[in-house]
K.L.:
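Could you have a look at this structure, given as structure tokens, before my questions?
All values reported here derive from a predicted model rather than from experimental measurement.
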Amino acid sequence: MTVLIRSLLLLLASCAITAQAADTGWLRNAQNSHAEVRLRSASHNDNQQLLLDIRLQSGWKTYWRTPGEGGVAPEIRWQTPAVKAQWFWPAPERFDVSGLTTQGYKGDITLPIELAKLSSQQLAGTLTLSTCSDVCILTDFPFSLDLTQPADADFARDFAEAMGRIPAASGLTDQLHASFVNGELQIRAQRQGGWQQPELFFDYPPGSMLAAPTIRVNGDTLSARVAVTDEWGEAAPDLRGKTLSLVVADAGIAQQSAINIGAETLVSGDAAQTLWSVLLLALLGGLILNLMPCVLPVLAIKLSSLVQQQGQTQRQTRQQFLASSAGIIFSFLLLALLMTGLRLSGQALGWGIQFQSSGFLLVMVLVMFLFSASLFDLLHFRLPSGLNTKLATQGGDGLLGHFGQGAFATLLATPCSAPFLGTAVAYALTAPLPQLWLLFVALGVGMSLPWLLVAALPGMARCLPRPGRWMLHLRSVLGLLMLLATFWLVTLLVPHWGCTFALVLAGVLLVVLCGWLVKRRALQQAGVVFITLTLAGALFLMTRISPEEETLHWQPLTEAAIHQALEQDKRVFVDVTADWCITCKVNKSRVLNQPDVRAALKADDVVLLRGDWTQPDPAIGEFLRRRDRVAIPFNQIYGPALPQGQILSPLLSREAVISTLSEAKK
């Protein structure tokens with residue numbers, strides 16, 4: 001009995017000492033045998049540092065600061081007066097149970113807490129901890145700490161390790177954006193080193209609940225969709241303009257961010273399509289490119305070669321068209337190589353961006369001029385081997401010229417954007433590199449389908465009229481069309497080197513060609529060329545400042561301008577264009593300059609925003625990228641009834657513009 005009494009007295013003394021120490025020891029509650037907690041403290045400068053250690057049995061979890069759709073975050077009700085505590089939270093895990101999404105921890109976890117300077121030497125309170133497995137238990141752990149006692153020797157190291165697991169303010173993402181579109185939250189993040197196992201954890205904006213995100217990774221770009229409801233599971237509240245607090249984690253690295261929620265589309269619905277569906281879009285987009293006005297000059301060359309094929313064998317016809325198809329596909333492979341290099345170097349990506357280069361334009365001008373000269377029978381190309389393989393326009397049995405026709409058809413098609421093309425290219429430029437190459441091959445195959453059809457059925461070439469003198473006149477007409485295309489390329493040099501340089505270059509080319517024709521005694525052709533190009537130049541100068549354009553008040557395109565207009569309940573018409581974009585010119589002539597469309601655009605509540613992508617502009621590239629677009633023309637309409645914006649087809653129609661503007665109005 002004496003031994004028992006002495007043992008009890010020693011135990012009580014030990015408990016009394018522990019209660020007054022800077023370490024509570026492991027605290028347990030008889031109603032919850034699955035969890036135990038410990039609090040430790042030490043002074044640091046004028047503040048007090050606190051560590052909350054939590055041990056959970058296997059199969060049990062507790063919660064993060066934002067628990068999710070169930071559970072309660074750990075909380076301390078302080079008995080010590082005037083306690084100001086700042087909690088720090090390691091990156092959590094996500095748990096999905098019975099359709100409910102929660103965010104929290106399992107196993108052992110340490111939460112560091114910093115307290116502002118305390119006037120009391122005692123720190124007391126009650127920790128409320130929610131733990132869940134098949135059932136959930138809410139447990140109270142009363143505690144008391146004597147702040148006069150020294151901390152244990154491991155405290156400083158443990159506190160530093162705990163703070164090391166807290167998400168940093170930067171260092172993981174290079175770019176991070178959030179947007180609220182059609183009742184869902186969209187996230188897009190970029191990381192130069194790529195992503196391995198990315199995760200997102202959210203602090204819910206007031207009045208909202210966020211489901212588990214659907215994450216998709218393409219190269220260095222992470223895209224996520226998050227379903228949003230209110231706290232009762234009903235329609236989502238409007239999150240635009242609010243601040244989103246979130247943690248982005250990947251492979252043991254985490255970043256805490258707070259970003260403003262915008263209204264632009266960050267994750268297009270097209271991005272969720274399978275690779276097979278995008279391959280089909282690529283085939284269709286490539287096929288439709290043959291109908292674009294950009295390809296007309298090269299189709300003219302091909303028609304010229306066709307009319308000279310009378311008398312050739314089907315085998316020769318098949319070989320020539322297969323060579324042209326090979327040229328198309330080869331050029332798309334070169335474009336894929338260009339896009340790969342730009343991506344690896346971190347440069348802007350886009351369809352037709354090579355036309356933003358003055359050097360590329362100058363080379364194209366010279367090459368197109370030589371093709372024009374060959375159509376006027378002024379110039380013949382022969383291979384150094386002496387085999388008389390004639391390029392492009394000379395027909396014959398050689399295949400290199402037909403290969404060149406296909407290659408130039410591709411280069412001249414890039415200023416045009418066709419239906420389905422933008423979606424396929426946008427997917428390709430954000431997809432892993434093998435998929436990028438596969439999709440560009442599909443684009444090439446799609447564009448070469450008409451050429452492959454003739455190769456499969458070479459008898460189609462025999463449906464043309466029999467050769468005769470009319471072929472010479474046709475060659476002259478085709479040469480004139482090619483020459484007009486050449487001088488169009490000259491006009492694209494104006495934004496780079498000025499109007500004077502473009503006029504001088506055009507004049508030199510005109511004099512050289514006309515002098516060449518006169519020397520060959522083709523006086524009639526020289527006169528037609530001189531008159532046609534002089535009239536075309538005069539028309540260009542007269543339309544350089546269009547009176548119709550002056551009546552539409554275009555403002556510079558910015559995201560801020562869109563938001564400002566929407567805040568004023570106005571409608572917004574966005575137009576991204578470029579001088580080298582043929583489809584843009586067609587849209588302007590056929591739609592935007594029509595009286596009924598112009599009247600709709602001049603309404604008092606319509607704001608016109610235009611972005612000019614003639615030359616490289618990172619802001620416009622970023623604007624298009626946020627909408628999963630890499631090709632122009634790009635047109636979008638916003639309004640009180642369309643706060644997320646409605647993207648229009650690359651080929652505009654008057655009905656679509658007017659009806660969408662009407663829908664955007666309240």
K.L.:
Measure from NZ or CZ of Lys61 to the centre of the six-membered ring of Tyr105, then state whether that distance is under 6.0 Å and the direction lies within 45° of the axis.
P.N.:
no
K.L.:
Once you round to the nearest 0.5 Å, how far does CZ of Arg188 lie from OG1 of Thr173?
P.N.:
12.5 Å
K.L.:
Does a side chain donor of either Thr66 or Gln103 reach within less than 3.5 Å of an acceptor in the other side chain?
P.N.:
no
K.L.:
Should the pair Asp174-Arg191 be classified as a salt bridge under the 4.0 Å nitrogen-to-oxygen rule?
P.N.:
no
K.L.:
Going from CD1 on Ile261 to CG on Leu244, what distance comes out if it is rounded to the nearest 0.5 angstrom?
P.N.:
4.5 Å
K.L.:
Quick check: are there more than 12 heavy atoms from other residues, nucleotides or ligands sitting under 6.0 Å from NZ of Lys242?
P.N.:
yes
K.L.:
Could you list the residues that satisfy ring-ring contact (aromatic ring centres under 6.0 Å, His included) with Trp78, not counting sequence neighbours?
P.N.:
none
K.L.:
For a quick test of reading the model, state the closest non-hydrogen atom pair linking Pro198 to Leu222 and the distance between them.
P.N.:
CB-CD1, 3.2 Å
K.L.:
Is it the case that atom CD in Gln197 sees more than 12 heavy atoms from other parts of the structure closer than 6.0 Å?
P.N.:
no
K.L.:
Do Val247 and Gln256 touch side chain to side chain, with heavy atoms closer than 4.5 Å?
P.N.:
yes
K.L.:
Could you tell me if the side chain of Met447 sits less than 4.5 Å from the side chain of Phe332, heavy atoms only?
P.N.:
yes
K.L.:
Go through the structure and list residues passing side chain to side chain donor-acceptor pair (under 3.5 Å) with Thr214, not counting sequence neighbours.
P.N.:
none
K.L.:
Can you say whether the rings of Trp497 and Phe501 are parallel (under 30°), tilted (30 to 60°) or perpendicular (over 60°)?
P.N.:
perpendicular
K.L.:
Between Ala263 and Ser179, what is the shortest heavy-atom contact and its length?
P.N.:
C-OG, 3.2 Å
K.L.:
Within this structure, what is the CE-CD distance for the pair Met209 and Glu69, rounded to the nearest 0.5 Å?
P.N.:
4.5 Å
K.L.:
Using salt bridge (Lys or Arg N to Asp or Glu O under 4.0 Å) as the criterion, list what pairs up with Asp569, not counting sequence neighbours.
P.N.:
Lys666
K.L.:
Considering only heavy atoms from C-beta outward, does the side chain of His177 approach that of Ile259 to under 4.5 Å?
P.N.:
no
K.L.:
Look at the side chain of Gln186 and the backbone N and O of Phe180, then say whether any donor-acceptor pair between them is shorter than 3.5 Å.
P.N.:
no
K.L.:
Do the side chains of Phe623 and Pro618 get nearer than 4.5 Å, heavy atoms only?
P.N.:
no
K.L.:
Using the side chain to side chain contact (heavy atoms under 4.5 Å, CB included) definition, which of the options Leu609, Val597, Val607, Ile637 pairs with Phe573?
P.N.:
Ile637
K.L.:
Quick one: pull up CG in Leu111 and CH2 in Trp89 and give me the separation to the nearest 0.5 Å.
P.N.:
5.5 Å
K.L.:
Are the side chain of Thr660 and the backbone of Ala656 linked by a donor-acceptor contact shorter than 3.5 Å?
P.N.:
yes
K.L.:
Do Arg77 and Thr128 have side-chain N/O donor and acceptor atoms under 3.5 Å apart?
P.N.:
yes
K.L.:
Does a salt bridge link Asp605 with Arg571, judged by any charged N lying under 4.0 Å from a carboxylate O?
P.N.:
yes
K.L.:
Report the C-alpha distance between Arg225 and Leu185 in whole Å, list the side-chain angles of each, state the deciding distance to 0.1 Å, and finish with yes or no for side chain to side chain contact (heavy atoms under 4.5 Å, CB included).
P.N.:
CA-CA 6 Å; Arg225 294 169 171 268; Leu185 184 66; over 6 Å; no
K.L.:
Closest approach of Ala85 and Ile113, non-hydrogen atoms and distance?
P.N.:
CB-CG2, 4.0 Å
K.L.:
Between Glu199 and Ala254, is there a donor-acceptor pair closer than 3.5 Å when you use the side chain of the first and the backbone of the second?
P.N.:
no
K.L.:
Atom CG in Leu652, atom CG in Asn587: separation rounded to 0.5 Å?
P.N.:
4.0 Å
K.L.:
Is there a donor-acceptor pair closer than 3.5 Å between any side-chain N or O of Gln255 and the backbone N or O of Leu172?
P.N.:
yes
K.L.:
Do side-chain atoms of Tyr204 reach the backbone of Leu210 as a donor and acceptor pair under 3.5 angstrom?
P.N.:
yes
K.L.:
Can you tell if the side chain of Lys570 reaches within under 4.5 Å of the side chain of Val606, non-hydrogen atoms only?
P.N.:
no
K.L.:
Could you measure the distance from the CG atom of Leu246 to the CG atom of Leu176? Nearest 0.5 Å is fine.
P.N.:
5.5 Å
K.L.:
So, for Ser208 and Pro237, which heavy atoms are closest and what is the spacing to 0.1 Å?
P.N.:
CB-CG, 3.8 Å
K.L.:
Can a donor-acceptor pair be found between the side chains of Asp612 and Thr614 at a distance below 3.5 Å?
P.N.:
yes
K.L.:
Can you check side chain to side chain contact (heavy atoms under 4.5 Å, CB included) on His496 and Gln615, steps first, answer last?
P.N.:
CA-CA 8 Å; His496 298 276; Gln615 300 187 66; 3.9 Å; yes
K.L.:
Could you tell me if Trp64 and Thr102 have a donor-acceptor pair between their side chains, going purely by distance under 3.5 Å?
P.N.:
no
K.L.:
Let me see the working for Leu601 and Leu661 under side chain to side chain contact (heavy atoms under 4.5 Å, CB included), right down to the final yes or no.
P.N.:
CA-CA 8 Å; Leu601 294 177; Leu661 279 172; 3.8 Å; yes
K.L.:
Report yes if some heavy atom in the side chain of Asp579 is under 4.5 Å from a heavy atom in the side chain of Thr491; otherwise report no.
P.N.:
no
K.L.:
Any non-hydrogen side-chain atom of Thr340 less than 4.5 Å from a side-chain atom of Trp437?
P.N.:
yes
K.L.:
Search all heavy atoms of Cys581 against all heavy atoms of Pro633 and return the closest pair with its distance.
P.N.:
SG-CD, 3.5 Å
K.L.:
Kindly give the heavy-atom pair with the smallest separation between Tyr63 and Ser130, and that separation in Å.
P.N.:
CE1-OG, 3.5 Å
K.L.:
Quiz question: by atom type and distance under 3.5 Å, do the side chains of Gln190 and Gln192 form a donor-acceptor pair?
P.N.:
no
K.L.:
Is Ser223 close to Asn218 at the side-chain level, that is, under 4.5 Å between some pair of heavy atoms?
P.N.:
no
K.L.:
Apply side chain to side chain contact (heavy atoms under 4.5 Å, CB included) to residues Asn635 and Ile647 and explain how you reach the verdict.
P.N.:
CA-CA 6 Å; Asn635 295 100; Ile647 298 177; over 6 Å; no
